[in-house]
Amino acid sequence: PWEPCGVFLGGMLADWRIMYNQFDVSVGAGIHDREGCKDVVVVGNVFRLRGEEPMIRVAGKACTGWVISDNAIVGGTGPE
């Protein structure tokens, strides 16, 4: 099922580029990866998280090759 968040990656995706955006998230994580995306680049974004949620929530060990750099986080709990 879909979960409220800023960006929902719901399939076995690869090579996403999430760059230079502003996310104002009232419920859920900034980015939620449910299925195990690979080689995702998250650079230069601003995440404003209203709840006690992480900037990024990933499915587990299947999520490999992520590059996370130079993002600003306001609120939330940071990466999970």
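Considering CH2 of Trp66 and CG of Asp39, their distance stands at 10.5 Å, rounded to 0.5 Å.
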Could you go through residues 21-31 and list every donor-acceptor pair under 3.5 Å that involves a side-chain atom there, pairing it with any protein atom two or more places apart or in another chain?
from  : atom 1 : to    : atom 2 : distance (Å)
Asn21 : ND2    : Met19 : O      : 3.0
Asn21 : ND2    : Asn45 : OD1    : 3.2
Gln22 : OE1    : Arg48 : NH1    : 3.4
Gln22 : OE1    : Arg48 : NH2    : 3.2
Asp24 : OD1    : Arg50 : NE     : 3.1
Asp24 : OD1    : Arg50 : NH2    : 2.8
Asp24 : OD2    : Arg50 : NH2    : 3.0

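When hydrophobic residues (I, L, V, M, F, W, Y) are linked wherever their side-chain heavy atoms come within less than 4.5 Å, Val46 remains an isolated member.
For residues 6-15, no residue pair satisfies the salt bridge (charged side-chain N to carboxylate O under 4.0 Å, His left out) rule, not counting sequence neighbours.
Using a 4.5 Å heavy-atom cutoff, the side chains of Val74 and Phe47 are not in contact. Here the side chains of Arg34 and Val58 are not in contact, with every heavy-atom distance at 4.5 Å or above. Considering only heavy atoms from C-beta on, Val42 stays 4.5 Å or farther from Val67 through its side chain.
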**OP:** Apply side-chain contact (heavy atoms from CB on, under 4.5 Å) to the pair Trp16 and Leu9, showing each step before the final yes or no.
**Re:** CA-CA 9 Å; Trp16 276 87; Leu9 303 174; 4.2 Å; yes
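Evaluated for a side-chain contact (heavy atoms from CB on, under 4.5 Å) with Cys63, the options Val40, Ile56, Asp33 yield exactly one hit, Asp33.
In terms of the side-chain contact (heavy atoms from CB on, under 4.5 Å) criterion, residue partners of Cys5 (sequence neighbours excluded) are, by chain and number, Phe8, His32.
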